[in-house]
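Notes follow once the structure below has been shown.
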Amino acid sequence: MAQSLLNPSSVSNSSTSLPRISSTTSTIFGSKFKFLESKQIQLRLSNFESNPALRLKASMDAPALTQELKNDTKKSIIGTRSGGDLFNKMKHRFLNFKEDKYLKNVEHYQNLAKSQAPKFLVIACADSRVCPSQILGFQPGEAFIVRNVANLVPPFETGPSETKAALEFSVNTLEVPNILVIGHSCCGGIRALMGMQDDGNSSSFIRSWVVVGNNARLSTKAVASNLSFDQQCRHCEKESINRSMLNLLTYPWIEERVAKGLLCIHGGYYDFVDCTFEKWTLDYTGSSSKVESGDVFSIQNREFWC
């Protein structure tokens with residue numbers, strides 16, 4: 001409707017259905033209206049000038065209104081920068097958790113405060129879209145979780161890292177019976193790995209980390225060089241999981257527990273584009289020497305959840 005009122009052609013078309021008004025009447029009416037409007041404006045201005053109280057009120061109100069708007073704008077900017085609104089939402093989520101979960105299971109949480117005995121060590125990507133507790137329903141105490149870029153496991157002989165510390169603590173102290181390495185679709189870390197140049201900038205923290213998965217990159221290039229870059233990345237997302245599973249066997253205390261049947265190593269792939277999950281388990285039949293020689297390991301208990 002607003003468009004038809006502003007469009008001159010629409011006005012001329014719609015006027016045919018209205019009573020016609022002579023141009024003389026229209027001119028006289030317009031002149032009278034303008035004259036009256038002019039007199040009213042002059043009267044309002046004269047009243048304003050002759051009344052100091054009105055002038056004072058106007059001079060006080062305008063800056064106050066402007067200042068109020070500025071203050072509101074500042075509050076909005078400060079709230080956004082400090083994350084005030086975000087933390088208010090977080091506060092409500094925490095209070096809901098306390099009311100719906102904690103207070104209804106106080107004994108369970110008090111037991112967790114004394115000790116933990118998780119059934120899984122989960123190694124997942126730091127990507128905000130693939131929270132393991134959210135997609136797999138892990139409850140407090142069920143999984144010891146470490147997250148890093150591209151869910152990589154460095155081999156034993158490389159330098160220290162938080163992932164290695166998590167492996168040592170969860171396997172040797174907590175004695176978890178399962179390790180689950182979870183990769184996912186559209187992984188930025190894997191894209192960085194696949195796009196990495198051999199003579200790239202070694203000062204990049206990202207490159208220095210994702211190079212841990214270089215074997216997966218080379219393997220992908222060898223078998224999928226005829227595919228598009230996106231397809232190569234998808235292939236490498238799964239291949240890097242397998243390589244991380246192999247890297248786990250380079251840790252003597254992990255390999256020992258796997259050989260004794262005390263520890264199982266699993267792989268998982270979450271495709272959040274169509275919300276599917278693929279899971280498989282390492283079929284351990286050799287030793288770390290085989291892993292070092294680059295032998296391909298076999299898998300078992302492969303499942304596809306959709």
Side-chain angles (χ1 to χ4, degrees), residues 79 82-154 156 158-184 189 209 241 244-245 247-270 272 275 277 279 281-282 301 303 305:
S82 65
D85 291 341
L86 298 176
F87 279 103
N88 281 335
K89 292 178 181 178
M90 193 180 296
K91 170 187 172 182
H92 289 302
R93 288 200 295 264
F94 169 73
L95 294 177
N96 287 336
F97 160 76
K98 184 174 182 179
E99 181 179 355
D100 297 336
K101 300 287 183 67
Y102 182 86
L103 293 179
K104 292 179 180 179
N105 299 278
V106 173
E107 184 178 354
H108 171 65
Y109 285 98
Q110 287 178 344
N111 289 333
L112 286 178
K114 299 173 185 176
S115 64
Q116 59 173 321
K119 301 301 182 185
F120 284 90
L121 162 64
V122 176
I123 301 167
C125 185
D127 194 303
S128 63
R129 300 166 291 183
V130 290
C131 177
S133 296
Q134 186 71 21
I135 63 175
L136 296 178
F138 288 118
Q139 298 302 308
E142 290 183 350
F144 191 88
I145 299 176
V146 58
R147 300 177 68 176
N148 62 47
V149 173
N151 46 270
L152 298 173
V153 176
F156 177 75
T158 58
S161 71
E162 75 286 349
T163 301
K164 290 184 173 184
L167 286 171
E168 183 177 12
F169 179 70
S170 61
V171 174
N172 291 339
T173 302
L174 299 179
E175 298 184 344
V176 293
N178 297 282
I179 299 178
L180 173 61
V181 183
I182 304 176
H184 67 93
W209 171 250
I241 298 170
S244 286
M245 294 168 72
N247 284 345
L248 286 169
L249 292 179
T250 65
Y251 294 77
W253 25 273
I254 290 180
E255 197 269 343
E256 180 183 358
R257 292 182 67 81
V258 172
K260 291 180 178 179
L262 301 175
L263 177 62
C264 292
I265 298 175
H266 313 273
Y269 181 80
Y270 172 51
F272 57 70
C275 196
F277 194 90
K279 171 263 174 190
T281 299
L282 170 70
N301 300 331
E303 299 178 17
W305 308 337

With the side chain counted from C-beta on, respond yes when T250 and E255 share a heavy-atom pair under 4.5 Å apart, and no when they do not.
no
K104: what forms a side chain to side chain contact (heavy atoms under 4.5 Å, CB included) with it, not counting sequence neighbours?
D100
Do the ring planes of W305 and F277 sit parallel (below 30°), tilted (30 to 60°) or perpendicular (above 60°)?
parallel
Taking N178 for its side chain and K119 for its backbone only, find out whether a donor-acceptor pair lies under 3.5 Å.
yes
For Q134, is the CD atom crowded, meaning more than 12 foreign heavy atoms sit under 6.0 Å from it?
no
Side-chain touch L248/V258, heavy atoms, less than 4.5 angstrom:
no
Under the ring-ring contact (aromatic ring centres under 6.0 Å, His included) rule, collect the residues that match up with F94, sequence neighbours excluded.
none
Can you tell which of L136, T281, I123 makes a side chain to side chain contact (heavy atoms under 4.5 Å, CB included) with L180?
L136
Donor-acceptor contacts under 3.5 Å from residues 162-171 side chains, at least two apart:
residue, atom, partner, partner atom, Å
T163, OG1, N148, ND2, 3.0
K164, NZ, P155, O, 3.2
K164, NZ, F156, O, 3.1
K164, NZ, T158, O, 2.3
K164, NZ, T158, OG1, 2.8
K164, NZ, G159, O, 2.9
S170, OG, A166, O, 2.7
S170, OG, L167, O, 3.3

Any side-chain heavy-atom pair from N301 and H266 closer than 4.5 angstrom?
no
For H184 versus F272, what's the shortest heavy-atom pair and its separation?
ND1-CE2, 3.5 Å
Could you give the distance from CZ (R93) to CG (N88), rounded to the nearest 0.5 Å?
11.0 Å
List the atom of I241, the atom of V181, and the distance in Å for their closest heavy-atom pair.
CG2-O, 3.7 Å
Student check: side-chain heavy atoms of N151 and I182 closer than 4.5 Å
no
L174 to P118 - nearest heavy-atom pair and separation:
CD1-CG, 3.8 Å
Value for CG (N105) from CG (N111), rounded to nearest 0.5 Å, stands at 11.0 Å
Taking every non-hydrogen atom, the tightest pair across F138 and P132
CD1-O, 3.8 Å
Could you measure the distance from the OH atom of Y102 to the CG atom of L95? Nearest 0.5 Å is fine.
14.0 Å
Less than 4.5 Å apart, side chain to side chain, heavy atoms only: is that true for V153 and Y251?
yes
Can you tell me how far apart NZ (K114) and CD (Q110) are? Round to the nearest 0.5 Å.
7.0 Å
Rounded to the nearest 0.5 Å, what's the gap from CZ on R129 to OH on Y270? Could you check?
10.0 Å
Between R147 and V122 (side chain of the first, backbone of the second, donor and acceptor by atom type, cut-off under 3.5 Å), is there such a pair?
no
Looking only at heavy atoms, which two atoms of C125 and A150 are closest? And how far apart?
SG-N, 3.4 Å
Side chains of E175 and L262: does their closest heavy-atom pair fall under 4.5 Å?
no
Using a 4.5 Å cut-off on heavy atoms from C-beta on, say whether the side chain of H92 contacts that of K89.
no
Heavy-atom check, side chain of L282 versus side chain of L249, under 4.5 Å:
yes
